Amino acid sequence: MRVMAGAILRFDSVTEMIEYCRARYRTDEVRSGRQDGEFVLFVRPAEGPAFESLIVHFEGERTYAVMLPVDE
């Protein structure tokens with residue numbers, strides 16, 4: 001499922017983003033990759049459904065942004 005609404009977080013690197021998601025969702029099943037020409041984050045949480053979200057790179061700022069689901 002693609003994340004369509006949530007919180008946008010910024011990271012200095014994709015590695016930092018993946019480490020954050022591994023800790024937040026308590027899983028090692030987090031990766032980045034390409035899907036249909038888009039740079040995407042894939043997460044399979046320990047609890048709840050798997051999701052994917054676009055990764056945006058702000059080259060001038062040297063940061064990456066991703067939208068993550070908001071905890072309910």
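The basis for the numbers below is simple: all heavy atoms, side chains too, and nothing from hydrogens, waters or symmetry mates. None of the values given here were measured: they were computed from a predicted structure.
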My understanding is that only residues two or more places apart in sequence, or in another chain, count here; which of them pass side-chain hydrogen bond (donor to acceptor under 3.5 Å, both in side chains) with Arg26? Glu47
Kindly write out the residues that satisfy side-chain hydrogen bond (donor to acceptor under 3.5 Å, both in side chains) with Glu19, not counting sequence neighbours, or none if the list is empty. none
Taking the side chain as every heavy atom from C-beta outward, state whether Leu68 and Ile8 have any atom pair closer than 4.5 Å. no
Close side-chain approach of Met1 to Glu52, heavy-atom, < 4.5 Å: no
Would you name the heavy atoms of Arg22 and Val30 that are closest together and state the gap between them? NH2-O, 3.3 Å
Please find the pair of heavy atoms, one from Thr27 and one from Pro45, that lie closest to each other, and give the distance.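 Minimum heavy-atom separation between Thr27 and Pro45: CG2-CA, 3.9 Å.
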Quick one: side-chain contact (heavy atoms from CB on, under 4.5 Å) partners of [X], sequence neighbours excluded?
X: Leu54; answer: Arg2, Glu38, Val40
X: Thr63; answer: Arg10, Asp12, Phe58, Glu61
X: Ala50; answer: Arg44

State the CD1-CD1 distance between Ile18 and Ile55, to the nearest 0.5 angstrom.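 Reported to 0.5 Å precision, the distance equals 6.5 Å.
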Determine, using the 4.5 Å side-chain heavy-atom cutoff (strictly less than), whether Leu9 and Leu41 are members of one ILVMFWY cluster. yes
So the ring-ring contact (aromatic ring centres under 6.0 Å, His included) pairs with at least one residue in residues 12-54 (sequence neighbours excluded) are Phe11-Tyr20, Tyr25-Phe51
